[in-house]
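Ligands are counted one by one from 1 in listed order, and the atoms in each one are counted from 1 as well.
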Amino acid sequence: MATVAKAPSQKAPEVRQTECFIGGRWTPSQSGKTFETLNPATEAVIAQVAEGDAADIDAAVKAARKAFEQGPWSKMDARDRGRLLYKLADLMEAELDELAALESLDNGKPIRDAKAADLPLAIDCLRYYAGYADKIHGQTIPVRGNYFTYTRREPVGVVGQIIPWNFPILMVAWKWGPALAAGCTIVMKPAEQTPLTCLRLARLAQKAGIPDGVINVVPGYGPTAGAALVKHPGVDKIAFTGSTEVGKIIMRDAAATMKRVTLELGGKSPNIVFDDCDLDAAVAGSHFGLYFNQGQCCCAGSRLFVQEKVHDKFVDKIVAMNKSRKLGDPLDMATEQGPQVDREQFDKIMGYIESGKKEGAGLLSGGNRFGDRGFYVEPTLFTGVSDDMTIAKEEIFGPVMSILKFKDLDEIAARANNTCYGLAAAIWTRDIQKAHTLAAKIRAGTVWINCYDVFDAAAPFGGFKMSGIGRELGEAALGSYTEHKTVTVSLG
Ligand code: NAI
Ligand code: MG
């Protein structure tokens, strides 16, 4: 089975921000309540964090509204907004090691991943949108009659942003980047499991010179602080990333005030391996596409279809990779897999493993808790999985790979699309006709060909069907942070 990584190569980072950040000031919650954030590797408490609620959300929305309508933000040139975003990115780069360690501590992800993926992607995202700030503009439009018509693209206003715990820093960047470039102001609620890096980034934003009230952060729980943000009449838009279940609640709660909503939700993404692929590349990419981030990825390739002829070889190689995978302290640079984020996720995953066994899938590796401290789950592999098994239908969000066999191209598009989700998919083959034909047939927002989890700030990401509404990243995301205004002038 998986091996234990040695002692941590990095000391635990210092926790400096634990309160609500409202109008540029750090304040305890109005109720005085706090909640614990845990280190998922040890189950020890890292810090007490202010537990924001409706009253704190209200104060934050007022601060954001004021900054939007009266503050320096509303008068600032777009290019200067861009400069502040560049500055924030630079400060993050200067603190990369410390931010990565804090992310690793609060979330449990291996620090090598935080350093190699989360931080560089987040910094790149902010720089991408920094460059966009002064390039958001309308059109002049020929209309009938003696009129001059032009459009303006104006910021949508005060935006509420609710993010999950799986990529805390990266989700901040995906949300703040386009919102700030567009000229919006923000109230963010980080996930209750991982509030620390978001609060740290709010401090860096202030240091960068982003005016007070432009970014507000209220830590707290979903049904209280989160729901208050979604229902608040002073909020113009909600951008949410998280479960499909909560996405539905948000749409419903946002309806009363006609808020704009963008939702980036769950998935059950098909990863399709044809027998004419580069097998080693497909094995490595599929392993990464499922086990990366402890399997806690909305786009995880969790329905892995492998064509009959290469099936057994493919499985053997995955088993070998799982055997040598290093589980251990996330702060150790050698660690490849850390714990799941919390007990709830751990229990949910163990429940799915039980259901896989009960429904007759073959357990080829893992299946157990790893160690006796922290929320670790062994890298787990099921084969002989059929389309109707629970583990093939529901989002597991853990290190559990399910391999389904397939015969030929004719059957695979229908099977790949036989899900309520449509976030991502991947295809492994050397046949370009097959690859592009299938890519067009798959009902998903992203299709990777001969690769997996390739993200770029410029490439839109989001879901078809129940995987969400709208797109993040790229030019697409800016569209959802702006309103089009049509101005028509009579020329007499
Ligand atoms: P969740 O959807 O409950 O939490 C995500 C965020 O929404 C958190 O900030 C939470 O506080 C907030 N929230 C919860 N209820 C809310 C409400 N009524 N109104 C407003 N905000 C609310 O996800 P959770 O419970 O952490 O994980 C459950 C499952 O969701 C996971 O097992 C996984 O399958 C999926 N998930 C998907 C993610 C994705 O990236 N698409 C990220 C996290 C979880
Ligand atoms: Mg929840």
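Ligand 1 is never approached by Gln296 to a heavy-atom distance shorter than 4.0 Å. In this structure, Phe167 falls outside the shell of residues with a heavy atom less than 4.0 angstrom from ligand 1.
Nearest protein neighbour of atom 22 (C) of ligand 1, counting heavy atoms only, is Gly222 CA, 3.3 Å. In this structure, the protein non-hydrogen atom closest to atom 26 (O) of ligand 1 is Trp165 NE1, 2.6 Å. Closest to atom 27 (O) of ligand 1 among all protein heavy atoms lies Gln345 NE2, 3.3 Å. Nearest protein heavy-atom contact of atom 38 (C) of ligand 1 is Phe397 CZ, 3.4 Å. Of all protein heavy atoms, the one lying nearest to atom 7 (O) of ligand 1 is Phe240 CE1, 3.1 Å. Counting only heavy atoms of the protein, atom 43 (C) of ligand 1 lies nearest to Pro164 CB, 3.5 Å. Considering only non-hydrogen protein atoms, atom 10 (C) of ligand 1 sits nearest to Glu192 OE1, 3.5 Å.
Short contacts between ligand 1 and Gln193, defined as distances under 4.0 Å to a heavy atom of the residue, involve ligand atoms 26 (O).
The heavy atom nearest to atom 41 (N) of ligand 1, considering only Ile250, Leu423, Leu265, Leu229, is found in Leu265. In this comparison of Lys348, Glu395, Glu245, the heavy atom closest to atom 29 (C) of ligand 1 sits on Lys348.
Asn107 and Thr194 share no donor-acceptor pair across their side chains, judged by distance under 3.5 Å alone.
With a 4.5 Å cut-off on side-chain heavy atoms, Lys405 and Val306 do not count as touching. Taking 4.5 Å as the limit, some side-chain heavy atom of Cys198 sits within range of a side-chain heavy atom of Val172.
Residue Thr241 places no N or O, backbone or side chain, under 3.5 Å from any N or O of ligand 1.
Residue contacts with ligand 1 for Thr244 are absent, since no atom lies close enough (heavy atoms, distance under 4.0 Å).
For atom 34 (O) of ligand 1, the nearest protein heavy atom is under 4.0 Å away.
By the 4.0 Å N-to-carboxylate-O rule, Arg200 lies close enough to Glu95 to be salt-bridged with it.
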